[in-house]
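Below: one structure, written as structure tokens.
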Amino acid sequence: MAEKRDYYEVLGLQKGASEDEIKKAFKSMARKYHPDLHPDDQEAAEKLKEVNEAYEVLSDSEKRARYDQFGHAGVDPNYGGGGEGFGGFGDVGDIFDSIFGGFGGFGGSRSTASNANAPRRGGDVSSSVTIDFMEACKGTKKKLRVTHMIKCTQCGGSGSDANTTIATCIECNGQGSVRVNQRTPFGTISTTKVCSRCGGKGKIVTNPCSKCRGSGRFRSMTDIELKIPAGIDNGQILRVSGQGNAGTNGGPGGDLNVTVSVRKHELFLRSGNDISCEIPITYAQAVLGDKITVPTIKGKVEYEIPEGTQSGTKFRLRGEGVKYLGRETYGDQYVTVVVEVPRKLTKQQKELLKKFDDALEEKNQVKRQNFFEKLKRKMEQ
């Protein structure tokens with residue numbers, strides 16, 4: 001009999017670990033080797049069996065005490081004696097159901113031998129697409145080439161050559177699973193496992209299809225037209241139902257999940273469904289006020305800035321932002337005006353500007369006046 005590993009080592013724990021640490025380690029290791037993540041992987045199945053066995057002992061205070069004192073012999077009378085099974089431990093699924101509730105977090109109930117030949121949904125497929133900023137705001141269509149498993153066009157998914165018949169498996173009588181009785185120190189445990197003769201299909205293909213080699217599916221590249229709705233944002237995922245891998249045993253196809261990347265715009269910055277941008281204005285426009293042209297994602301609009309507008313003032317244009325997904329409402333656009341200070345003035349321009357500045361009264365420059373009043377009070381303290 002092969003030498004068993006230390007149960008604490010199996011779960012990656014130190015002797016004396018708490019109950020919470022044992023439970024947490026088991027969940028982590030069970031997810032790591034779960035059959036949904038490793039289909040038809042015998043090594044992963046053996047690892048999972050080992051993890052389950054370790055948890056069965058260490059999670060039971062009495063069994064753990066015997067194990068800590070006597071090792072494997074304290075919990076498995078057959079250890080070293082060639083007995084069958086692995087010390088009377090039950091079905092792996094019993095532990096899964098009690099700890100994880102059927103492993104629903106992995107996208108569905110776990111696969112068991114009893115329903116091995118039932119229709120199974122195909123797996124999801126991931127892809128990505130890059131679009132321009134304005135395409136994201138207004139919506140667009142893109143051609144996308146997807147590599148996925150499709151139903152065999154030659155055999156229609158049966159896996160059998162057209163000139164041959166598909167026979168019911170005599171080993172499992174078409175059930176896809178067989179019952180196995182396992183003797184343990186606590187009695188005989190009856191479990192089911194996938195039929196080794198038909199691989200869980202319940203049928204025997206005597207002459208496999210030459211195109212899919214009996215699997216009923218083959219890998220193919222398909223061009224699809226992806227409709228991207230107005231308002232999609234960078235990093236969001238579009239789901240295309242049924243465009244993933246084809247199902248097996250007549251099951252539905254999986255989904256295609258497309259991650260959308262949006263290129264940056266040279267003028268606009270998006271935050272949620274709002275758009276912001278900066279517009280430079282002249283000193284005269286800021287002082288006297290003016291009607292300026294503002295670019296938006298829908299086109300140009302006119303906006304009148306009032307007299308005495310300060311640099312950095314932000315205005316809101318209602319409804320000029322991005323459309324909300326699935327709704328007929330829009331965000332806003334925020335426009336920040338920045339006063340551009342002229343450079344390289346002529347002598348005449350400088351003299352005119354100096355005369356203008358000298359003619360200004362303190363009341364025309366409230367911020368400047370308040371600043372120097374505060375500074376004066378501070379200096380007098």
Side-chain angles (χ1 to χ4, degrees), residues 1-14 17 22-59 67 71-72 75-76 78-80 82-100 102-118 120-126 149 169 171-172 176-184 189-201 213-217 219 245 248-249 254:
M1 183 175 183
E3 185 70 22
K4 287 187 178 182
R5 285 204 297 157
D6 178 76
Y7 287 149
Y8 291 102
E9 179 186 346
V10 170
L11 296 181
L13 297 170
Q14 296 291 327
I22 292 172
K23 189 172 183 179
K24 184 177 180 181
F26 169 71
K27 285 185 176 182
S28 176
M29 299 297 285
R31 287 191 177 97
K32 182 177 180 181
Y33 298 114
H34 191 267
D36 282 357
L37 301 180
H38 304 279
D40 304 320
D41 188 334
Q42 187 59 36
E43 184 178 354
E46 291 299 324
K47 290 284 187 182
L48 186 60
K49 181 178 177 180
E50 187 180 41
V51 167
N52 179 66
E53 180 180 343
Y55 180 73
E56 178 74 9
V57 170
L58 299 185
S59 63
Y67 176 75
H72 292 292
V75 292
D76 184 359
N78 291 320
Y79 182 70
E84 294 182 26
F86 55 96
F89 302 105
D91 184 21
V92 175
D94 296 337
I95 297 295
F96 281 164
D97 288 338
S98 63
I99 298 298
F100 297 110
F103 256 92
F106 278 88
S109 60
R110 61 184 171 87
S111 301
T112 62
S114 60
N115 64 356
N117 63 341
R120 297 188 66 180
R121 178 182 181 275
D124 291 348
V125 172
S126 297
M149 300 294 291
C169 178
E171 185 75 20
C172 63
S177 60
V178 293
R179 185 167 295 278
V180 178
N181 293 324
Q182 193 173 32
R183 287 183 293 128
T184 75
I189 295 178
S190 181
T191 60
T192 58
K193 68 175 184 178
V194 174
C195 176
S196 59
R197 183 180 179 86
C198 67
K201 294 182 178 180
R213 298 182 180 180
S215 68
R217 307 184 302 173
R219 190 169 298 279
N245 290 326
T248 56
N249 298 331

Applying salt bridge (charged side-chain N to carboxylate O under 4.0 Å, His left out) to D124 and not counting sequence neighbours gives R121

- Main-chain N/O of M149 paired with N245 side-chain donor or acceptor, under 3.5 Å: yes

All heavy atoms of Y33 vs all of L48, minimum pair found to be O-CD2, 3.8 Å

Residue set satisfying ring pair (Phe, Tyr, Trp, His ring centres under 6.0 Å) with Y67, at least two apart, ordered chain then number -> Y7, H72

Sorted by chain and number, sequence neighbours left out, side chain to side chain contact (heavy atoms under 4.5 Å, CB included) with R5 holds for E9, V10, K47, E50

So NZ of K24 and CG of L11: to nearest 0.5 Å the spacing works out to 13.5 Å

For R179, the salt bridge (charged side-chain N to carboxylate O under 4.0 Å, His left out) test, sequence neighbours excluded, returns none

Residues at least two apart in sequence or cross-chain that pass salt bridge (charged side-chain N to carboxylate O under 4.0 Å, His left out) with E171, listed by chain then number, are none

Closest heavy-atom pair, C172 versus S177, reported as atoms and distance to 0.1 Å, is CB-O, 3.4 Å

**Request:** Decide side chain to side chain contact (heavy atoms under 4.5 Å, CB included) for E56 and E53; before the verdict, give the C-alpha distance in whole Å, the side-chain angles of both, and the deciding distance to 0.1 Å.
**Result:** CA-CA 5 Å; E56 178 74 9; E53 180 180 343; 5.7 Å; no

